[in-house]
Undergrad: 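Handing you this structure, nothing more for now.
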Amino acid sequence: MARKNDNPKDAQLAPHRMDKSDGELTTDQAIRVEDTDNTLRVTPRGPSLLEDFHFREKLMRFDHERIPERVVHARGSGAHGYFQPYGDALAPYTTARFLTDPSAQTPTFVRFSTVQGSRGSTDTPRDVRGFATKFYTDQGNFDLVGNNMPVFFIQDGIKFPDVIHAVKPEPHHEMPQAASAHDTFWDFVSLQPETMHHVIWLMSDRAIPRSYRTMQGFGVNTYRLVNADGQATFVKWHWTPVAGVHSLVWDEAQKISGKDPDFNRRDLWEAIEAGNFPEYELGVQLIPEDQEFAFEGIDLLDDTKLIPEEVVPVTPVGRLVLNRNPDNFFAETEQVAFCVSNLVPGIDFSDDPMLLARAFSYLDTQLTRLGGPNFAQIPINQPVAPVTNHQQDGFHQHQIPLGQANYTPNSLGGGCPVVPGAAGGGFVHYPERVEGVKARRRPETFADHYSQATLFWNSMSAWEKEHIIAAYKFELGKVNAMHVRERMVEHLNQIDHTLAVSVAAGIGVAAPTETHANHGRVSPALSQASMPGSAGAQGRKVAVLVGNGVLAESLQATRAGLTDAGAVVELLAPVDGAVTTASGELLPVDRAMNTVSSVLYDAVVVADGAEALVNDGYAVHFVAEAYKHCKPLGILGTGDQVVQAARLPVFEPSDRATEPASKPIAAALDGVLFVAPGADADGEFIAGLVDAIARHRHYDRPVDGIAA
């Protein structure tokens, strides 16, 4: 981790920080304030006076605190960090120094976001997530503005207003908020077959990530890397979290929206504060220009397609570490302005129509959101490389240009600033040869809208397929227009007949007739099951349920073992404060159980000697719900009585609490670990529990019959 004063972006921000801890209250003009509780009036009950400049300034500033929120990606959370390449493997492909100098740590700011909801919406809807990274390089700012899915809804940016209008709250009543489960969205996508690939990603667990720390990111668009000889190579960008790619389950995501709508935002903040710095690996897919048309059924300029990793492997090239939270949410996270048009030498556009549309749209958006053309002077947006030009005036101009000449060429200013040209490191656009007829039409290579959706479906594990079917049933079940449901089932039948029949059965639509065979191709890299991560239990939250009479020895051993593994352990009891152990000592607890919920934790442990919890409905439900959501369970001794009270399938009804389960249902014990009553939690138990937590979920459990 870079020291704070070694980070040039941090040093640049330092003069702008205002420490109010020992100051005196002033106006914006540094005039000290006599009284900020009473307006200036003629007598205590008389009229207020216009000359009260402090009152007018204070109210004016309050009235203008809010800037227009982003039309999309309004709900977000950000963090500072750095990027460092592993080596110079990309040197033959690009002159971008931040990608090729392994000794350089490039400051970054990353903003994660949802797409559909307003700024005040919840963190955990079924939605696409933004993964936007601003690199403050020594050659200028490069913004990689991507999503957590490698493909997009549409092929041409001219349709972007339509898809966003369709997915946003319906205009006649402004409902629903942050949700795609409504008529206008499904009406639109059912009339736009090109959306089918992205929609099946949206119906998968990718749309409900466990945290920003366990979420992939993709550049989506196809870029070019350009080397010192002017040769270009197409590139696709991939971010992969070290902690693995993990998601919530839908029931859990909905409950979290009520229990803690800031769930993902809080997780990111607390992880960084605790020193559990999120880390991601940057990988690239490199495609030589002479292989642009080498992939059957895949056009590199079509953002509804991906290149399977089995066809073009992802080459790891560097690491991104997020190690500092913002000092102020508005000044940094809310005002950060990502622009796809921010490129540095060595990186350029392709003819990807979505990329070129974004290059216009993002810049145009900032002019409205941030009040004019000088938004790059806001501290969070300033490059660390020097800025010298003749741009002038406009709203919020902070610079004070010196000299007489404000044009190029000039002699009155000594010809400065000089134009460096290509030899001086100036950005040179790739000299692509372009010829043809101007027309509003799509290439024929964009015409296949189903085969990659089928590839995605085929690549899913059994539990991922179950979740996708359930998502389609839920979403389409919210659609009132029956003809839209029917139209969507016909599209699903083009993807996979079994998928279409399963969804149709849940939404009151007749099963379609099979029209064609599934092509059978798979890409294992598309499944979350193939990306468990290597961070173990680091940063995972574990709830330990305790009550009066708890046996402290096994409890303390379990807590110590999990803490040593990097987990965040919290003791929960029926009431706040402390519980009395079996030996009569007071054991402080972290929270009252009814102030939290199992959905806010990654695993649950039930302590030995906490028989009082058997009659606590909240505790019993806590365990049942965690088990239903396939989370790891650690059961210490007589804590198994709570498991029995929850009627989990790990026991037969005839089993006694003090004996092991005699005939557990198949897979019922996946991710469930026991310690005998009165025994210590030994190293084997701790290791097994840590391994179960690292696996995240245990989806083969029989959970349909659990009332939670």
Side-chain angles (χ1 to χ4, degrees), residues 69-75 114-129 147 149 151-208 250-251 253-254 257-258 261 304 449-450 453 456-457 467-496 499-512:
E69 72 176 26
R70 292 167 169 87
V71 177
V72 288
H73 298 277
R75 173 76 179 178
T114 57
V115 170
Q116 304 168 34
S118 67
R119 192 179 155 197
S121 59
T122 181
D123 275 353
T124 58
R126 179 173 295 281
D127 197 4
V128 184
R129 299 303 193 280
N147 290 331
M149 301 175 188
V151 293
F152 199 59
F153 286 106
I154 52 176
Q155 296 171 325
D156 193 307
I158 200 170
K159 294 298 296 177
F160 189 70
D162 298 308
V163 67
I164 297 304
H165 286 171
V167 78
K168 283 282 193 176
E170 298 186 5
H172 61 304
H173 56 29
E174 189 64 12
M175 294 186 289
Q177 175 62 242
S180 55
H182 57 97
D183 286 56
T184 58
F185 174 74
W186 289 97
D187 181 47
F188 174 82
V189 300
S190 68
L191 293 168
Q192 291 286 142
E194 70 197 68
T195 64
M196 289 300 119
H197 187 197
H198 189 272
V199 167
I200 198 170
W201 278 81
L202 186 64
M203 294 301 104
S204 78
D205 288 356
R206 297 297 189 120
I208 43 175
W250 180 230
D251 177 67
Q254 294 178 87
S257 288
T304 67
H449 303 316
Y450 299 106
F456 182 78
W457 170 257
H467 293 178
I468 289 171
I469 292 169
Y472 275 115
K473 288 180 180 178
F474 177 91
E475 295 266 323
L476 291 170
K478 296 279 189 177
V479 173
N480 294 315
M482 187 58 68
H483 71 278
V484 173
R485 297 189 189 191
E486 293 168 346
R487 200 158 57 215
M488 272 307 305
V489 168
E490 289 303 319
H491 284 302
L492 296 180
N493 201 35
Q494 297 294 312
I495 297 170
D496 181 79
L499 169 63
V501 170
S502 300
V503 173
I507 61 172
V509 171

Undergrad: Are Val489 and Ile507 side-chain neighbours, meaning at least one heavy-atom pair lies under 4.5 Å?
TA: yes
Undergrad: To the nearest 0.5 Å, tell me how far Thr124 OG1 sits from Ile208 CD1.
TA: 8.5 Å
Undergrad: Do the side chains of Ser502 and Tyr472 get nearer than 4.5 Å, heavy atoms only?
TA: no
Undergrad: If I compare all heavy atoms of Ser180 with all of Val167, which pair ends up nearest, and what's the gap?
TA: CB-CG2, 4.0 Å
Undergrad: Considering all heavy atoms of both residues, which atom of Ala74 and which atom of Ser118 are nearest to each other, and what is their separation?
TA: CB-C, 3.9 Å
Undergrad: Any non-hydrogen side-chain atom of Leu492 less than 4.5 Å from a side-chain atom of Trp457?
TA: no
Undergrad: How long is the span from the CZ atom in Phe188 to the CG atom in Asp183, to the nearest 0.5 Å?
TA: 15.0 Å
Undergrad: Could you grab the distance from atom NZ of Lys168 to atom CD of Glu174, nearest 0.5 Å is fine?
TA: 8.5 Å
Undergrad: Parallel, tilted or perpendicular: which fits the ring planes of His198 and Phe153, with parallel below 30° and perpendicular above 60°?
TA: tilted
Undergrad: Does a side-chain heavy-atom distance below 4.5 Å link Val72 with Phe160?
TA: yes
Undergrad: Can you give me the closest heavy-atom contact between Arg129 and Asp127, atom names plus distance?
TA: NH1-O, 2.7 Å
Undergrad: By salt bridge (charged side-chain N to carboxylate O under 4.0 Å, His left out), which residues pair with Asp156, not counting sequence neighbours?
TA: none
Undergrad: Distance from Gln116 atom CD to Ile164 atom CD1, nearest 0.5 Å?
TA: 8.0 Å
Undergrad: Is Val501 close to Pro512 at the side-chain level, that is, under 4.5 Å between some pair of heavy atoms?
TA: yes
Undergrad: Are the side chains of Asn147 and His73 in touch, meaning some heavy atoms are under 4.5 Å apart?
TA: yes
Undergrad: So, taking the atom named OG1 in Thr304 and the one named CD1 in Ile154, what distance separates them when rounded to the nearest 0.5 Å?
TA: 10.0 Å
Undergrad: For residues Thr184 and His182, is any side-chain donor paired with an opposing acceptor at under 3.5 Å?
TA: yes
Undergrad: How many angstroms lie between NE2 in His491 and CH2 in Trp186, if you round to the nearest 0.5 Å?
TA: 10.5 Å
Undergrad: Can you name the nearest heavy-atom pair linking Gln155 to Glu194, along with the distance?
TA: N-OE2, 2.8 Å
Undergrad: Applying salt bridge (Lys or Arg N to Asp or Glu O under 4.0 Å), which residue pairs with at least one partner in residues 478-491 are found, sequence neighbours left out?
TA: Asp187-Arg487
Undergrad: Are the side chains of Gln192 and Thr195 in contact, using a 4.5 Å heavy-atom criterion?
TA: yes
Undergrad: Find out whether Arg126 and Trp250 are in side-chain contact, i.e. whether some heavy atom of one side chain is under 4.5 Å from a heavy atom of the other.
TA: yes
Undergrad: Tell me every residue that passes salt bridge (charged side-chain N to carboxylate O under 4.0 Å, His left out) with Arg206, counting only those two or more places apart in sequence or in another chain.
TA: none
Undergrad: Tell me which one of Val151, Ile200, Ile495 satisfies side-chain contact (heavy atoms from CB on, under 4.5 Å) with Phe456.
TA: Ile200
